[in-house]
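Here is the structure we will look at.
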2 protein chains.
Amino acid sequence: MGKLDFAPIADTTRRAEIVALLRRAILTGQLEPGQKLNELRIAEQMRVSRAPLREAMRELVQEGILTSIPYAGTFVIDVTAKDIDDAYSLNKVLDEFAIELSWPLRDQRFFDELDRRHEAVKQATRDLDTTRQIETALQLHGLIHEWADNSVLLETWQRLTSRLQMYFALHQRARNEPVPAEDVHEMYVRLLKGADMGAAQRHAREHIGLDFEELLAYARSLEQRCSEGANPDRPGPTRNRPDGS
Amino acid sequence: MGKLDFAPIADTTRRAEIVALLRRAILTGQLEPGQKLNELRIAEQMRVSRAPLREAMRELVQEGILTSIPYAGTFVIDVTAKDIDDAYSLNKVLDEFAIELSWPLRDQRFFDELDRRHEAVKQATRDLDTTRQIETALQLHGLIHEWADNSVLLETWQRLTSRLQMYFALHQRARNEPVPAEDVHEMYVRLLKGADMGAAQRHAREHIGLDFEELLAYARSLEQRCSEGANPDRPGPTRNRPDGS
DNA sequence: AGGAAGCAGATTGTCGACAATCTAACAAGA
DNA sequence: TCTTGTTAGATTGTCGACAATCTGCTTCCT
């Protein structure tokens, strides 16, 4: 009866840890969009060779949060309003699909996990930990995708989530307010526990939509500010940080 | 007005070429599912160091057609019937979304490109080049995603396409018949040119569905054969998964 | 014989150094 | 002054070698 399900042991390769470190730095906004990642400097800071660092960066490039230009460098992706809008509209479709798939699979464990994640959001809200608040809110929404029992969908959603988390973190950094409204989560959880699937799907659209509208407005303002002063013939990220530390 | 829009010059880095080579080998079925990729051997064959090869493999891992187990190796992904089903069902959703987005954006250039790709499929069919037939058929279907003007959707679909192409190539390799039916493409193109968006969406579901049914049946038969006969008839493809027993 | 400990062999992960390329500053010429 | 060619510095791409880890076989003990 020793039915312990052991957690997979930690990937003890430097590459995996570097990926985690970099991803976290990007998703929390510590690395700004467009910023160039200097391999030598990062490798020295992490006390690691460039080989595993470069491999890690390739992974993040394919993950969509870094972009690489041969012989020029690797940069954090730029966030345009269109990107956010694109991600948002696709997210709506995926959410609807995930609810449809996971709906007949809901059971007690699902509801328990739903409550657990909801509680995590509320805890982060009480702690005023905005970064964790974003993280937990996205995990709350991710449950339907995890429960849908469709690996391709889950993978797709996780890829989307990376960007969304980055967007929200940026927004939160600009204005020091938490993005997701509290009581909307309450309704979301209640509808997922209910019997009306269509209502849940509709609510998912409306509710996430509200958050996104604000985010979009912010992104648009950023772009306007950017397009005023910058020379338009050079779309490449030329935001080089003078390292006068 | 010399308004030539130059195509971006080829990425002349070894890494990029290795990625292209490997991807093609996997997608055409030259590298079988589950097969292990020996870094030293491949590097020697390509006359390349292991560094760019490994970076290329990391990209393909994130692209979803390779899977890596630390200190064990990198393998071509296994194809399960469930994977195909998952990819198929998500593809239906994405197709519907892509048609919705691209519908108001259709113009003459769209129709021309549609015809061009349709012609490419027919040419490949005449040439009895089944590999190219699969490739062109997927490109024909990809047009709506390219035209949808949603970068995230396009990226997602391309990721899906990689797997689909691999699945179809496998199926084609097993039974030496072309997978996609000819006249169905005719109908698909006609509906995309027409005025009834709902009809186009519905047809996309049904039509692709037919192809997939056959593919699914094949995959299921493969799995059964695999599960009943555990004899290691081949040393390569039989891959040991870390299972908690 | 059965099973645990230990020893090659092969393969992956990582490192430091070298080569190729880009950027920016500077000089020369129209 | 503007453009063009050159050069120096920095950064990325690639290489060969070393270290860490896994696998399979051998060996030894009970």
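Heavy atoms only: backbone and side chains are in, while hydrogens, waters and symmetry mates are out.
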Whether B:Phe110 and B:Trp147 hold their rings parallel, tilted or perpendicular, with breakpoints at 30° and 60°
perpendicular

Would you say B:Asp129 and B:Gln133 are linked by a side-chain donor-acceptor pair, where the criterion is simply a distance under 3.5 Å?
no

Would you check if there is a donor-acceptor pair between the side chains of B:Asp95 and B:His145 at a distance under 3.5 Å?
yes

Base contacts versus sugar-phosphate-only contacts with protein, heavy atoms under 4.0 Å: please encode nucleotides 7-14 of chain C as B, S and - from 5' to 3'.
----SBBB

Test B:Arg50 against B:Glu44 for salt bridge (Lys or Arg N to Asp or Glu O under 4.0 Å), laying out the working first.
CA-CA 9 Å; B:Arg50 280 177 55 218; B:Glu44 284 177 1; over 6 Å; no

Test A:Glu55 against A:Arg14 for salt bridge (Lys or Arg N to Asp or Glu O under 4.0 Å), laying out the working first.
CA-CA 10 Å; A:Glu55 292 187 15; A:Arg14 301 207 193 306; over 6 Å; no

